[in-house]
Protein chains: 2
Amino acid sequence: MATMREVAAHAGVSPKTVSRVLNDDPHVLPATRAHVEQSMRELDYVPNAMATTFRSGRSPVVGVAVPDLVDPFFAAIVNAVEERALAEDLSTLVTSLGHDPAREQPVLESMLRRQLSGLVVAPTTNDHAYLEAWSARIPIAFVDRAPGSLTADAFTQDDRGGAREATAHLIEHGHRRIGFLGDALSAPTIAERLEGYREALAAARLPYDPALVALGATTRPGAASALVRLRGPDAGATAVFSSDARCTMAVVPAVTAHPIALTAFGDFPLADTLTPSITVMAQDPAALGHLAAARLFERAAHPQRSLPRRTVLPVALIERDSCRIPAPHPA
Amino acid sequence: MATMREVAAHAGVSPKTVSRVLNDDPHVLPATRAHVEQSMRELDYVPNAMATTFRSGRSPVVGVAVPDLVDPFFAAIVNAVEERALAEDLSTLVTSLGHDPAREQPVLESMLRRQLSGLVVAPTTNDHAYLEAWSARIPIAFVDRAPGSLTADAFTQDDRGGAREATAHLIEHGHRRIGFLGDALSAPTIAERLEGYREALAAARLPYDPALVALGATTRPGAASALVRLRGPDAGATAVFSSDARCTMAVVPAVTAHPIALTAFGDFPLADTLTPSITVMAQDPAALGHLAAARLFERAAHPQRSLPRRTVLPVALIERDSCRIPAPHPA
DNA sequence: TTGAAAGCGCTAACAA
DNA sequence: TTGTTAGCGCTTTCAA
């Protein structure tokens, strides 16, 4: 593992000259350059990126933290950030936050201690006051969910409007008793989507019935029994709106086995190939990731420039078959 | 951004004492410690991880490089590596290699220059001689595909055996003309799986017909037309073996629309929920990732220990419905 | 128990 | 065009 000093000694020049050659500084005689390059080759010299990084005071790395890398939605965000980072010659440090909110702070802080060039985070908590001090020095952009108790850039989708439209769509198909499936209301996205659901009911002068709301059904068995309950006499649902990806993946097998009208927030692979194909409100995770990463670089380049803090992307209804399943007992 | 020196000045001690406090060195008087901690708090001191890293000569980071982060198979590998790395207090630097083999070398070398603690790679090329020099200093483990022209740890699955079994399974279901779908034979995994396919045919004394092999059908339209060709009079296939995930995802919609017997290499989300549900040879990407990461740490801890270079994990047939679809014209 | 000195590998700033 | 000096923030000697 030769160092620059060793190359310099070998070539009979100073380390600084080696550094110049390495950085394509024009103020090096071609002969000197050739000589140094020869020495580099002979010694198998490879620059130590850690030293450069340390010297520069900022590491050419953007962090991305998402709840779950295996969820295609978050994978697409990470992928987009990485693409954008690559264009700026930056690498990407990825972390899964998991679904335990307690992990968020330690994980993010350990990333930030590395003097990242920026951080994109899809948070799992609602209080980000602890990032206050960090965000003064490192650009932080939120995706999917906006931060709580912190002023920072956020790129989200129209959760409320999308949920409203997805619910209204079921109402248009003649449903009057519509179940709501969601992970947990502690997540602002889910809370917003429940609001949208209620707005759609209100707009159609339908009552809001808490018995129609089933939370936490994120596993297949959980979703299956939630569905049984929703279809049962107490709730009497003839349709369901699944408000997040985990619930959707969990409930789809049950819907396939015992069809019931369904719309889901978030598109997913093969949604169009299932029987029935699933009508969804499509988000655009790649756009979220691209925008967030781009904003990081923009903030770094122009610290003074004033930019909108909140960007809400539209969502789009993709109508497929699952919304057309009629109620078992016609109204 | 206070430094250790500033904290030391503020507390009236030497930087080394601050360092001791930070590293829980027992040789610090409780009073001194309390005093230093007080100063750290007052100055909002946060250790600069880059400096520590630089000083130590090795960064507490494992690299993971996969062709495509959005593919659940690779996402699961990354996830597993990350989990394992976390247990060793290491972070994870993730890179997508993409499907262009030319990107592999520059991308991997730029990761390695950072003095990683280790690297897990699912390669896209077949020649890894360029990693020779690196692998002497940094543990490198291959997953999914073994390296070419390089001695390194590799964790792969039984590509040939799995393909043989998946093909034999179709033969057992009475098929005599079985199509082979695959990305490109330049990938050793696909080449191996084609071998397995041929072995199954040979074992059943069925002829191998190149007309039954369709490569590169990785998009939906591509897969659909490949399927049309395979079912056509020239090839006359009554069943298909899809040898990799990209082809499987591309061909499944066509199979759903116009059923034909199918087995696929690699399980995927909702494979059991499609109509027909898809019979697969399941790999275990999480195991691959865990094993590879564990090996990295093992090599780092015991550089001399001799360990097997090649680990081949078994694959398991998950029988579902798609293998049971009969030939249109009974033989 | 504490501190002083030195240096990890590289590169700005300045000098020659 | 090339070299010297100095230092990024931390930690490892070694000495006090």
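Just so we're on the same page: letters track the sequence lines, and every chain starts at 1.
Residues satisfying the side chain to side chain contact (heavy atoms under 4.5 Å, CB included) criterion with A/S56, sequence neighbours excluded, are absent altogether. Not a single side-chain hydrogen bond (donor to acceptor under 3.5 Å, both in side chains) links B/R145 to another residue, sequence neighbours left out. Residues satisfying the ring-ring contact (aromatic ring centres under 6.0 Å, His included) criterion with A/F142, sequence neighbours excluded, are A/H128. Applying the salt bridge (charged side-chain N to carboxylate O under 4.0 Å, His left out) test to A/R246 and every residue at least two apart in sequence or in another chain returns A/D183. Checked against ring-ring contact (aromatic ring centres under 6.0 Å, His included), A/F74 has no partners two or more places apart in sequence or in another chain. Partners of A/D144 according to the side-chain hydrogen bond (donor to acceptor under 3.5 Å, both in side chains) rule, which considers only residues two or more places apart in sequence or in another chain, are A/Q157.
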Next item on the list: Would you please test A/R84 and A/E88 for salt bridge (charged side-chain N to carboxylate O under 4.0 Å, His left out) and show each step?
Entry: CA-CA 7 Å; A/R84 208 60 197 57; A/E88 310 272 333; 3.6 Å; yes

Item checked: Under 4.0 Å protein heavy-atom contacts per nucleotide of nucleotides 8-13 of chain C, with B for base, S for backbone only and - for none -> BBBBBB

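Summarising the geometry, the separation between NE2 on B/H27 and P on D/dT13 is reported as 14 Å, rounded to the nearest angstrom. Atom CG in B/L43 sits about 15 Å away from atom C1' in D/dG9, given to the nearest Å. Distance B/D24 CG to D/dT11 C1': 15 Å, rounded to the nearest Å.
Nearest nucleotide to the side chain of A/V13, out of C/dT2, D/dG3, C/dG3: D/dG3.
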Name each donor-acceptor pair under 3.5 Å that joins a side chain in residues 290-301 of chain B to protein atoms two or more places apart or in another chain, with its distance.
unit_1: B/H290; atom_1: ND1; unit_2: B/A286; atom_2: O; d: 3.1
unit_1: B/H290; atom_1: NE2; unit_2: B/E83; atom_2: OE1; d: 3.0
unit_1: B/R295; atom_1: NH1; unit_2: B/D153; atom_2: OD1; d: 2.8
unit_1: B/R295; atom_1: NH1; unit_2: B/P308; atom_2: O; d: 2.8
unit_1: B/R299; atom_1: NE; unit_2: B/D153; atom_2: OD2; d: 2.7
unit_1: B/R299; atom_1: NH1; unit_2: B/R305; atom_2: O; d: 3.4
unit_1: B/R299; atom_1: NH2; unit_2: B/D153; atom_2: OD1; d: 2.8
unit_1: B/R299; atom_1: NH2; unit_2: B/D153; atom_2: OD2; d: 3.4

Sequence neighbours left out, cut at 3.5 Å: what donor-acceptor pairs do the side chains of residues 25-37 of chain A make with other protein atoms?
unit_1: A/D25; atom_1: OD1; unit_2: A/H27; atom_2: N; d: 2.7
unit_1: A/R33; atom_1: NH2; unit_2: A/D25; atom_2: O; d: 2.7
unit_1: A/H35; atom_1: ND1; unit_2: A/A11; atom_2: O; d: 3.4

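Direction change of the helix axis from one end of the helix from C/dT1-D/dA16 to C/dA16-D/dT1 to the other is 40°, with five pairs defining each end axis (rounded to 10°).
The stretch residues 43-68 of chain B participates, sequence neighbours left out, in these ring pair (Phe, Tyr, Trp, His ring centres under 6.0 Å) pairs: A/F54-B/F54.
Distance alone, capped at 3.5 Å, places no donor-acceptor pair between the A/R310 side chain and the A/T156 backbone.
Proximity of B/T32 to the phosphate of C/dT2: a side-chain N or O atom is located under 4.0 Å from OP1 or OP2.
Contacts between residues 110-118 of chain A and DNA chain D, defined by a heavy-atom separation under 4.0 Å, are absent.
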